[in-house]
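Inspection log for the structure reproduced underneath, given as structure tokens.
What you see is a predicted model, and the numbers here were worked out from it, not measured in a lab.
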Amino acid sequence: MKKTALLIALILVFCLAFSACDKKLPKKEAKTIEINSVEDLKKINNYLGDRYSLYTFELKKDLDLQGQNWTPIGSDNANSFRGVFNGNGHTISNLTIQGWNGYEFVESVPYSNAGLFGYIYGATIKDLNIKDFNISFIAESDYLHIGGLAGYAYGDNVISNISVSGQINIGTSFYYEQKSVLMQVTCEQMQYLGGIIGYAAGVLDLQSSAADAAISNYVASRGPKYDHWTGNFVYEKDENGKDTDKIQMEVTREFDSSYYPAQAFLGGAVGYVKGNGEHSQLLNIDCSAVITEVYAKSAYLGGLFGRANKSIINNASFSGELATRVFVKGVSGGIAGLLDDSRLTNSSVDDTTITLNVTGLEYQAYTTGGLVGYANDFSLIMNCAVNNTKILSDLPNRNMLNEINNFPVIGGIAGTVRDSSIFECEVNGGGVFRKNLSDIDINFIYTAGMVADLYGNSEVSECKSSFKAYTGSIARYSENIYVEKDGKRILRFVKKGFPKVYVGIDAYVQDGKLVVDVINDSGDVIGTFTYSNFVGNNIEEYSKNYFDENNERLIEEDGKVMTIDGVSYDGYERLTGMYKFEALDYKIDTVINIGKNDITIEEGWKRFTL
């Protein structure tokens, strides 16, 4: 009996303790809070994290943040805005995060994530106007996410009917450190800057929104100032005239790449949309932006998106100016710099200027297009237009003697396309020019009216272009084949001068050997060849085994010309993937005239209508 009573007592004590603890646990509940003042807006920072994910905030009037140095709503994942913000069509104006007096940085800011909202997670924000925002400071963080609406958007966020206008000026942060008589420079920043959102990781639903933004990053130092003329460090003086340890900041135009951030992703709407699982929906977005001061070792710059991964983009438009200065790699486009595993449809770029700048001949690659700089990973571009868009460059190129320099690839639609398709797109006017806009620069030989570089299993179909470039449609084709366990890739080889006469090549690995099936225009295999002398990597340039590039012929393993049923496959040009044009241009003659002050080229062209 005593044991039973003791057991009951213990159970009661446990239940009471659990009940007491349970009362202390925060419970999620739905609640609506009205925002009627700037102070009310600031107080949203008291409702962060999962506990408040069912809260709705209703903006009831226009708010002016003039004179406020704004603290973003939400700072990191644990302290993120996760509720609903309904702007009800109202405007928040003069949002300022300031460390810049108009000509130099005067203050550093510790924020990694900055905007009206610093960090949002699974949030819904709708029906809001942000007018004349100014986010300008020298950054202390190595990872920087800046947007007029939100710096960092994590998870599944729904953003609709948003309008933003303003500017972002970020100082790239590096240190001057005095070690003996040596100067050490360090800069490891990753920058994600966008007119609406800086960085979106997850599934972003961004619809019916507009951005009018000016975005730039500057090269700026923190620490004692360094006098490049004398080689001395200059310290701030105290009241007694002695050097102090006070940190100073200055803007510099030094072109040493050590000062540049490692990577920068900039877009008029979003710097980087990084998909996760399902595709993001980026629909009905209009953007006009001026992005003219972008310094980075590698820069991804787009009129709307610096990089769009796993995204569906429909009915997007851009008009404005884009420019970068890069040391290693530049990727820029009117809609997106880099498009991978994404769809871009029913969109346009109008009256835009894209300028290419590098620090010198050390740069490795620069690819630019009127719509997209680089389309990759089975992306689709369809029913889009580029109108009166000029791409300006003074970059070096392959010269008349074909001596190799680094060179840009520029296309009216896209600079580079790999394993992707373009359908029913057109380019009207515009072209590739030197920066003085004097005329088309015909020396840029890897420029094209449609696509400059075409790789892999790609397709270009029913496209038109009057974009002024070195060649009318495609500048260069690549024969790279991706041979996989469960798939094949097809190349098409066209008879020189007879674009209707072609042969398909289906290449794959079988029993450790490269097998090539020759296919006619009906899709029938008319011949098979086997090659044992090749490197069996997962990704390999296999066509060098069966295409003699120097002599433009298909060959067997012993080097002889392929012959099938008496037909010799000699005099063929390779095309990558499956292509269909309204017309193909073939260069048949070139005359170079060397004058006292210039070099002119007269080219003979012959057009074959398909």
Return the minimal non-hydrogen interatomic distance between [X] and [Y], and the atom names on each side.
X	Y	answer
Ala213	Gly195	CB-CA, 4.0 Å
Ala289	Gly268	CB-CA, 4.1 Å
Ala336	Leu339	CB-CD1, 4.4 Å
Ala153	Ile197	CB-CG2, 4.1 Å
Cys287	Gly303	SG-O, 3.4 Å
Phe547	Ile555	N-CG1, 4.2 Å

Check: Asn428 and side chain to side chain donor-acceptor pair (under 3.5 Å): which partner among Asn388, Asn387, Thr389?
Finding: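 Single side chain to side chain donor-acceptor pair (under 3.5 Å) partner of Asn428 among Asn388, Asn387, Thr389: Asn387.
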Note to self: I need the single residue from Asn284, Asp286, Thr345 that forms a side chain to side chain donor-acceptor pair (under 3.5 Å) with Asn315. Which is it?
What the structure shows: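 Result for side chain to side chain donor-acceptor pair (under 3.5 Å) with Asn315: Asn284.
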Checklist line | Partner residues of Phe467 under the ring-ring contact (aromatic ring centres under 6.0 Å, His included) criterion, sequence neighbours left out | finding: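 Not a single residue meets the ring-ring contact (aromatic ring centres under 6.0 Å, His included) criterion with Phe467.
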Is the side chain of [X] donor-acceptor paired with the backbone N or O of [Y] at a distance under 3.5 Å, no angle test?
X	Y	result
Asp548	Asn550	yes
Thr355	Ala323	no
Ser379	Asp341	yes
Ser421	Leu380	no
Ser209	Ile285	no

Notebook entry, point to check: Do Asp570 and Ser568 have side-chain N/O donor and acceptor atoms under 3.5 Å apart?
Noted result: no
Next item on the list: Could you verify whether a donor N or O on one side chain and an acceptor N or O on the other, from Asp351 and Ser319, lie under 3.5 Å apart?
Entry: no
Atom [atom1] in [X], atom [atom2] in [Y]: separation rounded to 0.5 Å?
X	Y	atom1	atom2	answer
Leu392	Thr353	CG	OG1	5.5 Å
Tyr531	Leu514	OH	CG	7.5 Å
Phe265	Leu193	CZ	CG	11.0 Å
Tyr152	Tyr272	OH	OH	10.5 Å
Ile335	Leu282	CD1	CG	11.0 Å
Thr447	Phe433	OG1	CZ	11.0 Å

Contact between [X] and [Y] at the side-chain level, heavy atoms closer than 4.5 Å - yes or no?
X	Y	value
Leu266	Phe305	no
Gln263	Tyr300	yes
Asp205	Ile159	no
Val460	Leu454	yes
Ile505	Ile519	no
Ile381	Cys425	yes
Tyr366	Ser332	yes
Ser532	Glu557	yes

Counting only heavy atoms not in [X], do more than 12 fall under 6.0 Å of its [atom1]?
X	atom1	answer
Lys274	NZ	no
Asp558	CG	yes
Tyr572	OH	yes

In chain order, what residues pass the side chain to side chain contact (heavy atoms under 4.5 Å, CB included) check against [X], with sequence neighbours excluded?
X	result
Ser288	Asp212
Glu278	Val203
Asp340	Arg307, Asn309, Leu338, Asn376, Asp377
Asn383	Asn346

Check: Under 30°, 30 to 60°, or over 60°: which ring-plane class applies to Tyr192 and His145, parallel, tilted or perpendicular?
Finding: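 The rings of Tyr192 and His145 lie parallel, inter-plane angle below 30°.
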Identify which one of [options] satisfies the side-chain contact (heavy atoms from CB on, under 4.5 Å) criterion when paired with [X].
X	options	result
Cys463	Glu424, Met450, Glu426	Met450
Leu356	Thr324, Ile410, Thr367	Ile410
Leu344	Leu304, Ile312, Ile422, Val372	Val372

Next item on the list: Assess whether side chain to side chain contact (heavy atoms under 4.5 Å, CB included) is satisfied between Met562 and Val518, documenting all intermediate values.
Entry: CA-CA 10 Å; Met562 279 186 188; Val518 181; 4.0 Å; yes
Check: Looking at residues at least two apart in the chain, or sitting in another chain, which of them share a salt bridge (charged side-chain N to carboxylate O under 4.0 Å, His left out) with Glu552?
Finding: Lys496
Next item on the list: For side chain to side chain contact (heavy atoms under 4.5 Å, CB included), just list the numbers for Leu206 and Leu283, CA-CA rounded to whole Å, side-chain angles, deciding distance to a tenth of an Å, and then say yes or no.
Entry: CA-CA 6 Å; Leu206 174 62; Leu283 313 177; over 6 Å; no
Next item on the list: Could you check Ile564 against Phe529 for side chain to side chain contact (heavy atoms under 4.5 Å, CB included), going step by step and ending with a plain yes or no?
Entry: CA-CA 11 Å; Ile564 302 175; Phe529 298 86; 3.9 Å; yes
Note to self: Would Val386 and Ile413 count as a side chain to side chain contact (heavy atoms under 4.5 Å, CB included) here? Give the steps.
What the structure shows: CA-CA 7 Å; Val386 179; Ile413 299 173; 5.5 Å; no
